[in-house]
Amino acid sequence: MKIATFNINGIKARHQALVDWLKEAEPDVALLQEIKSVDEGFPRELFEELGYSVETHGQKSFNGVAILSKLPLEDVTRGLPGDESDEQARWIEATVVGDKGAVRLCGLYLPNGNPVELDDAGQPVEGGKYAYKLSWMERMKARAEELLALEEPFVMAGDYNIIPQDEDAAKPEAWRGDALALPQSREAFRRILNLGFTEAFRARVQGPGHYSFWDYQAGAWQKNNGIRIDHLLLSPQAADLLREVGIDKEIRGRDKPSDHVPVWITLDL
DNA sequence: ATGGCTACCTATGGTAGA
């Protein structure tokens, strides 16, 4: 089973690029972020023609996540539990049934968190974007703990907006005070990871120079000034099934690309 | 270099992204 995560930066602007990539990469499941569309505006028929089931959790203008699957989807849920007042569409779950078994998938678009606002004590300012990021990660951790208790294969994949280590940025010094790389952000990521997850890419590939995002500005792609912020976290039972990992870097060099590229795994399912 | 782009919106420039 091939599972990919891809922040497409707008389905309206990217549907043809997405179709092209799906035909080439042939993932069984694609977890999408930043569809930037309401559910009714998602061109689902384009993907149904390719054999995908389509489940969306969208909102107007910003955010929005979706799951495309060639395999049967069950028990789809939308929204990250833990705060009924949170109206941002950043989380979707579904169970995918493969030939050898099922896996629970969580597609996520973790808040960016910039600008970072800290008070004199170094604590995030309440109501600010950085506080939202950290509180969202606390809620994600709680959901992850619930799912881990089931002791079944599950995968949390998406745009984490976290640069886990300096080796995950071409210019780590440029990200020093950024919400994607601050020690508090990395600690929050590790608190989730250390519950017992395996970060799929790092389970297979070590060393610097592997990125999933290149800014549109300042020729970042041409200079390979990238960061690795799109991740797949595997439960212990999913990690046992991990075969391959990859980053479809070449996508970034095409016309009118997303600023992110697909990251994928294959599971023995 | 707190942004050199890009996408969205009932817009014609502001907001958000990372």
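Here is how names work: the chains are called A, B, and so on, in the same order as the sequence lines, proteins then strands, and each is numbered from 1.
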### Message
Could you tell me how far B/dA1 sits from B/dA16 if I compare only their P atoms? Round to whole Å.
### Response
26 Å
#### Entry: Below 4.0 Å: OP1/OP2 of B/dA7 and any side-chain N or O of A/Lys256
yes
### Query
Which part of the nucleic acid, if any, lies within reach of A/Lys171 when heavy atoms closer than 4.0 Å are counted: base, sugar-phosphate only, or nothing?
nothing
### Query
Is A/Arg104 close to A/Asp75 at the side-chain level, that is, under 4.5 Å between some pair of heavy atoms?
yes
### Query
For A/Gly219 and A/Asn9, take the nucleotide of DNA chain B holding the closest heavy atom to each; which residue's nucleotide lies nearer the 5' end?
A/Gly219
### Query
What is the ring orientation for A/His231 with A/Phe189, classed by angle as parallel under 30°, tilted 30 to 60°, or perpendicular over 60°?
tilted
### Task
Taking atom C1' in both B/dT15 and B/dT10, compute the distance separating them and give it to the nearest angstrom.
16 Å
### Query
Taking C-beta and beyond as the side chain, do A/Ile163 and A/Arg186 meet within less than 4.5 Å on heavy atoms?
yes
### A/Glu84 atom CD: more than 12 heavy-atom contacts under 6.0 Å
no
### Message
What's the gap between B/dT12 and B/dA7 when it is taken at their C1' atoms, as a whole Å value?
### Response
16 Å
### Task
Please state how far atom NZ in A/Lys223 lies from atom P in B/dC5, giving the value in whole angstrom units.
11 Å
#### Entry: Non-hydrogen side-chain atoms of A/Ser185 and A/Tyr160 separated by less than 4.5 Å
no
### Query
If two hydrophobic side chains count as joined below 4.5 Å and joins carry through other members, does A/Trp21 share a cluster with A/Val263?
yes
### Query
What integer number of Å spans the C1' atoms of B/dA18 and B/dC5?
12 Å
#### Entry: Integer-rounded Å distance: B/dC9 P and A/Gln59 CD
11 Å
### Summary
Separation of B/dT6 atom P from A/Trp221 atom CH2, nearest Å, is 15 Å
#### Entry: Side chain proximity check, A/Val116 to A/Asp178, heavy atoms < 4.5 angstrom
no
### Query
To the nearest angstrom, how far is A/Gln33 atom CD from B/dA7 atom P?
17 Å
### Query
If we take the P atom in both B/dG3 and B/dG14, what is their distance in whole Å?
15 Å
Output one line per pair: protein atom, nucleotide atom from nucleotides 14-18 of chain B, and distance, for all N/O pairs under 3.5 Å.
unit_1	atom_1	unit_2	atom_2	d
B/dG17	OP2	A/Lys129	NZ	3.1
B/dA18	OP1	A/Glu34	OE2	2.9
B/dA18	OP1	A/Tyr109	OH	3.4
B/dA18	OP1	A/Asp159	OD2	3.4
B/dA18	OP2	A/Tyr109	OH	3.0
B/dA18	OP2	A/Asn161	ND2	3.0
B/dA18	N9	A/Asn112	ND2	3.2
B/dA18	N7	A/Asn112	ND2	2.9

### Message
From CD1 of A/Ile11 over to P of B/dC8, roughly how many Å is that when rounded to an integer?
### Response
10 Å
